[in-house]
Every structure is written in structure tokens, then in C-alpha cells.
There are 2 protein chains.
Amino acid sequence: MAVTLAEVAAACNVSTSTVSRALTDPDKVNAETRTRIERVARQLGYAPSRAGRSLVSGRTDTIGLVVPDIANPFFPPIIKSVQARARDKRYSVLIADTDEHVADELELARGLSRQVDGLILASPRTDPAELTRLAKQLPVVFVNREVEGAGSVVIDESEGMSEAVEHLMSLGHTRVCYLAGPRRSWSNQQRRDALAAACAEHGLELRELGPFEPQIQAGMRAADLLQSAESAAAIAYDDLIALGVMSRLTERGMQVGREISVIGIDDSPLSTVTHPMLTSIHVPAAELGSAAVDLLLDQLREGEDFTTPTTVRLETRLVIRGSTGVAPTAPR
Amino acid sequence: MAVTLAEVAAACNVSTSTVSRALTDPDKVNAETRTRIERVARQLGYAPSRAGRSLVSGRTDTIGLVVPDIANPFFPPIIKSVQARARDKRYSVLIADTDEHVADELELARGLSRQVDGLILASPRTDPAELTRLAKQLPVVFVNREVEGAGSVVIDESEGMSEAVEHLMSLGHTRVCYLAGPRRSWSNQQRRDALAAACAEHGLELRELGPFEPQIQAGMRAADLLQSAESAAAIAYDDLIALGVMSRLTERGMQVGREISVIGIDDSPLSTVTHPMLTSIHVPAAELGSAAVDLLLDQLREGEDFTTPTTVRLETRLVIRGSTGVAPTAPR
DNA sequence: GACGAGACTGCCAACGTTTGCAGCAAGAGT
DNA sequence: ACTCTTGCTGCAAACGTTGGCAGTCTCGTC
């Protein structure tokens, strides 16, 4: 069905090798025949067979991307930037969604590993030892997690958290409640630690509720717990939880941004759709994706050389919107 | 690096053909040797090379999915269900995002067509003639669009629209404003027509604003236009526009659900995150995805037989939430 | 005019898998 | 004892591409 090298070769009265060279290594072939071949190839609509090429080169020109939940608005921007960067470099992207199902993470990654040259894993909960093993089999870059023996792109929440805590204090808050993400999530630990450090530094009292799944429904549950706690300020593990909290609180007649302050993390596109809009710690999703691709392609290029796996650290900052306001008991 | 058939064969003292048969066509080989081969293969961690297999079979066991915008919350559920169904059937899914860029749609689809067995296109704006041509090259299923010579899964908005119009009338509304989607979008035309039909039937006055891109920002712009029109009810092309409208109206101090009623289409997960929650016409996204996969795999199985391309039509219904309420001038 | 260099090009093997065909042994039927 | 069948296995070709090697041709040089 598809046009092959042989057909182009026949049409040009040359051998397949010449056609192959003309199209992939133009300097190696006479300028005149090359242009002729190029013309005929275009005319016939020739496109190299990935399978044939893969077989001999051992490469697939495809990278895999594993995310916990495409529906979580934090990920689409990352996916987009991964795809964009990959496309620039002539790579395709195979995406797998684990549906927040920890057990599937590894299985999916392994399945993918057979049809890709490298993997980008944004799956925070699998056992580190397994991940290290996986990283030995093929190049892997982790997003938002550090794993021994593999490159990673991580978010440094400390700056954003510090700003958030300062922000709350300047509004007169004296305590804050952390709405935790999944217990075994690497980034949950990072965020909790960053918050704890910032609180300790600035003298803000910290409580914790949870864990909650990063989903709006869980946020709603968190809202009710939050109300029975005595905190007028909350920082959520991510925007989804924060949005669920806001939605539920508003539904119950509370004024978010006046009676209670809510801060999210990720600064996903949804932050601006609610009223009040969500104050959130901005995470540079686009950079995250493209940095991950760059790191991975570096590893692919190095080949067998032992490159010390790099960690790229991305800064965060607070974006203040309407969901945070003066503490209720504080003087106006 | 990877374990090949030949290595398994050597370890078992049989030929590669026997190993191949043992693993793909177990009946053709002696039970005893088969179990031995299976054991050794597992031990060695053998996994068939997709490239080798593709080369001889001509199939890739991969399907392509083109969507206009992963970040649009309407699509993730579809993507998930496509992936889930495909995975059940041992297919991988290659996703491409056109970023709402019409010119890229075809190019991306063509690029994908070389590495997949079939395509699912949820890209509403490309020229029909081009799409028909594409459908001649390989099996294609269209989502939310009918194209000659290809299968499709479409949404039948009429029922949902009818319910929406009845709903508005029962609340005392006498006119409604349609916030149109992209002019060349097939589903925009479907939705507009369905709305017009429903309005004509029930005697509701219809106006139209737009077109607007299916994005929150565009919805905000729509909100301001809507305010200067004199309609107390609006039905948007999709939830994103509706959410943008709500967000902007609320920001400008209007009470959505009291002073003005807003209805979205898609019933995306976001519908429940705002306050008030968004009344929306529910579209069965999961069914949409799995139906598309089923249709495509049917086409793949049929092979060269001329199957009359099928169109699957999915019903919609109205989900009433807080964003719609009694018309302001109507008696209470 | 012979020779070597250089520029192109063709031949062929290899990648890993599947599959039609042939070969082989063992058992059944005569 | 002979053939025929049956069940199993190996051989070899094919899929489309790449790249090492060798061959051809032309041209410049001595």
C-alpha cells in the first residue's frame, strides 16, 4: 500500500541505498540525482517506514509520557509543552494516564518502555527502588520527583511557600491549615516540608488535614473538615483541592476571601474561573515540560556514556487573587 | 540489548519459528515444549519487538487521536475513555493536540497516519474534502462530525437543547442568546441549528453573539457583549465559554442564576466547581470515546471489505444546576 | 598513456518477526 | 511391511531501511 524506497528507486533507476542516502544524508550523493530523487519521492508521496527504520536503528523516535490524571488541569499544559518540544525535535509522544492508580504506574511505564526511546514520568507514588531499576533499563526523566540514577525536573516550592506564608501573615493570619495530598506522593512531602519551613521561619502556626486525593470531590470533603477546624486560612496540596474547598464553602454560605482564605498550588488555568479567583502558587508548567524533554533527549544523545543525571529546579512564586483576605479577627 | 526471539530459541534448543508460534499461536506447538518456551521467555524477560512485528504484519497496533485542545476539560474524559478501550484491545494511543490551530489539523493527522493503523479525529474545522481524502488512505473515525466515507460518533444536541429551552421558558424567559463557537466548527453549526429548532418550536426569541473561541478568555469577552445585549438568558457553545461568562459577570457584580441565566454545553467536570454551579447540557464523553474506538477497530478488522461507514448518535440531556433561574422581569 | 585519487553508486547483510512450505517421526490402517 | 495421515518442527523468505564494502567512472597528474 504505502510507497517504499524500492519503488522510488525503480522510478529513478537507482538503487535503494542511493535513495536512502539522498533523503537522509544528502551530501553523499550527486546533486543532480539527489534533486531528481527528491522530486520523485515527493511526487510518489514517499514516507519512510518507521518500522523498517526502527528495526535497523534500534530507535523509535518516540518518547513516552506517564501522567497520573489528564483531567487534572495541572497536566495539560505540561503535556502540551512536552509535545511541542518533542515535535520540534522530530519525536512523537505516547501518553499514558494512570488514573491516579499507583499499581498501574509501573506496569504502564514498562509497557511503554518497549515502544519508546525514553520516558518522562510524572507519577509520584511508585516505589523509588522500582523506579531506579526502571531507569537502568532506559533513559527516564522524572517530573516533580527526584530518583537516584535518573534526571529530573522538580519544582522548588520554597520561594512560593515563603511568599504565601508572608502574604497570610501580612493579612493578620496566625495559623494556617495544610490540606495534604496523597501520603506517598513525593511532591506532597516537598510541599508540606516547604510550608513547614516557611511557617517555622515566620512563626505561623501550622496544622494538617488529609490526606486528600487531588480531585475536586476530595476538596469538598476537605472543606467540611476545614470548617470544623478553627483555621481561617488554608493552603491546599493543589488547585483542585483548593477549588473543591472554595466551591463547597461558598455553597455553604461562607465568603471565601473574607471569612476564610484559601491558597492553591499549581496556578492552573482554572484559578481564574471561580469567584473569587484563586490565589495560587504558580508553577511554570511549560518550562517543566520542555525541560523534561531536553533532559531526556540529552540522555538519548549521550548514549552509553555515563552522564551524571541532572536535576533541574524550577522556581515558584505566589499569584495573589481574591481567595485570600484579611483574617476575620484581625483589626481592619 | 533487548532479548530477541533468537536468544529464547537458543536457550530452548528450538528454532525461532517455534518460539514465535509458541507465543502467538499456542495450539500449533507441542504442549510440553510450549510451556518450556513460555517459562524461558518469561525468565529472560522476552518482549516482542514492535518494529519487527510491524514490518512483517504491516500493522502498528497503535491508533492516533487528534484533539483540538487537551486543556479544554471536555476532552480529557474522551481521551481517557479512548485510551481505556484501546488498552483493552491491546492498542496504544498516540495523541496530537492541534492547539485549536486549523492549519495544523491536517498536517498532524497526516503525520500520525504513518505510524498508526487508524485515526480518531475530534477536529471540527478542517475542510470536509480533505477529510474525505484522508479517510480513503486509512481508517478514520470522526468525533462530533460527519464526514462522507468515514465512520463517526456524533452528539445529538436536539434533546438536550429542547430541554434547555423548555427549562428557560418554564422560568419565564422569553428570549435567549446563543454564544456561538468557531464559525467553521461542525458542532457549532449542529448546536446552533438544534437551538434554533427548539426555539422555533417553543416560541422563544433567539439572538446570536460571537463567534468565540472555546476558551475562558473568550467567554469573558462574551460576557461584556452579553450585558450590552438585552438578554437575561444565554446558552453558550461550550462550558468554557459559559464559565468565562459567569466568571466575568460575577466579577462585575451580577448575580448569575438570578439576574441572568447561563447554560453551558458538555457538562465538563468544571461545571461543579463554580458558584453557582453551571447548568449544562450533558454530553456522554466516555461513551463517545469508547464508541469511537469500537467503530475504528471494526473498520480495522473488516480489512478491505467495503463496510458502509456507520454513524453513532449519542443523546444529550440537560443537567440543571444553579446558574439558571427565574427571569428577572417575570412574576415570582 | 598509465596510474592514483576522488566522487558516486550498487550490492548485500543485517535488524526481529511472521509464515508458507517442506521435512521428519510416530502412529494408524491395510 | 507398506503407505497414509497426523502432529510437530525447522528452513528460508519477506517486510523496509541503513551502512560497510567494493566497484565504476572520471579526472588530474606524472
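Per chain, numbering begins at 1; letters A, B, ... match sequence-line order.
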What contact category does Asn13(A) fall into here, base, sugar-phosphate, or nothing, at under 4.0 angstrom with non-hydrogen atoms?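 Contact class for Asn13(A): sugar-phosphate only.
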
Using only heavy-atom distances, determine whether the side chains of Glu146(A) and Ser152(A) contain a donor-acceptor pair under 3.5 Å.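 Ser152(A) and Glu146(A) do not have a side-chain donor-acceptor pair below 3.5 Å.
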
For Asp117(B) and Thr60(B), which I'm curious about, is there any donor-acceptor pair between the side chains at under 3.5 Å?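 There is such a pair (donor and acceptor under 3.5 Å, judged by atom type) between the side chains of Asp117(B) and Thr60(B).
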
dG10(C), OP1 or OP2 - any side-chain N/O from Thr18(A) closer than 4.0 Å?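 Yes, Thr18(A) has a side-chain N/O under 4.0 Å of OP1/OP2 on dG10(C).
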
Is there a side-chain contact between Ser17(A) and the phosphate of dC11(C), meaning an N or O under 4.0 Å from OP1 or OP2?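 Answer is no, no contact under 4.0 Å.
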
Separation of atom CG in Leu23(B) from atom P in dT19(C), rounded to whole Å: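 Rounded to whole Å, this separation is 13 Å.
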
Hey, which sits more toward the 5' end of DNA chain D by its nearest nucleotide, Thr4(A) or Asp25(A)?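 Nearest nucleotide further toward 5': that of Thr4(A).
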
Earlier contact from the 5' end, DNA chain D, for Asp27(B) and Ala6(A):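 Upstream on the strand: Asp27(B).
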
Exactly one of Leu297(B), Leu295(B), Leu296(B) should register a side-chain contact (heavy atoms from CB on, under 4.5 Å) with Val293(B). Which one does?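 With Val293(B) as partner, Leu297(B), Leu295(B), Leu296(B) yield a single side-chain contact (heavy atoms from CB on, under 4.5 Å), made by Leu297(B).
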
Within a radius of less than 6.0 Å around NZ of Lys80(A), do more than 12 heavy atoms belonging to other residues, nucleotides or ligands occur?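 Yes, enclosed.
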
Taking the side chain as every heavy atom from C-beta outward, state whether Leu314(B) and Leu288(B) have any atom pair closer than 4.5 Å.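 Yes; the side chains approach each other to less than 4.5 Å.
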
I'd like to check Leu300(B) versus Tyr91(B) (side-chain heavy atoms, cut-off strictly below 4.5 Å). Are they in contact?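 Yes, close enough: below the 4.5 Å cut-off.
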
Enumerate the residues from residues 41-59 of chain B whose closest heavy atom to DNA chain D is under 4.0 Å, giving them by residue number; use none for an empty result.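 Under 4.0 Å from DNA chain D: Leu55(B), Val56(B).
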
Hey, which of these two, Lys28(A) or Ser20(B), hits DNA chain C nearer its 5' end, going by closest nucleotide?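 Closest to the 5' end, via its nearest nucleotide, is Lys28(A).
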
Let's see if you can work this out: which of dC21(C), dC11(C), dC8(C) has an atom nearest to the side-chain heavy atoms of Arg21(A)?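 Of the candidates, dC11(C) comes closest.
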
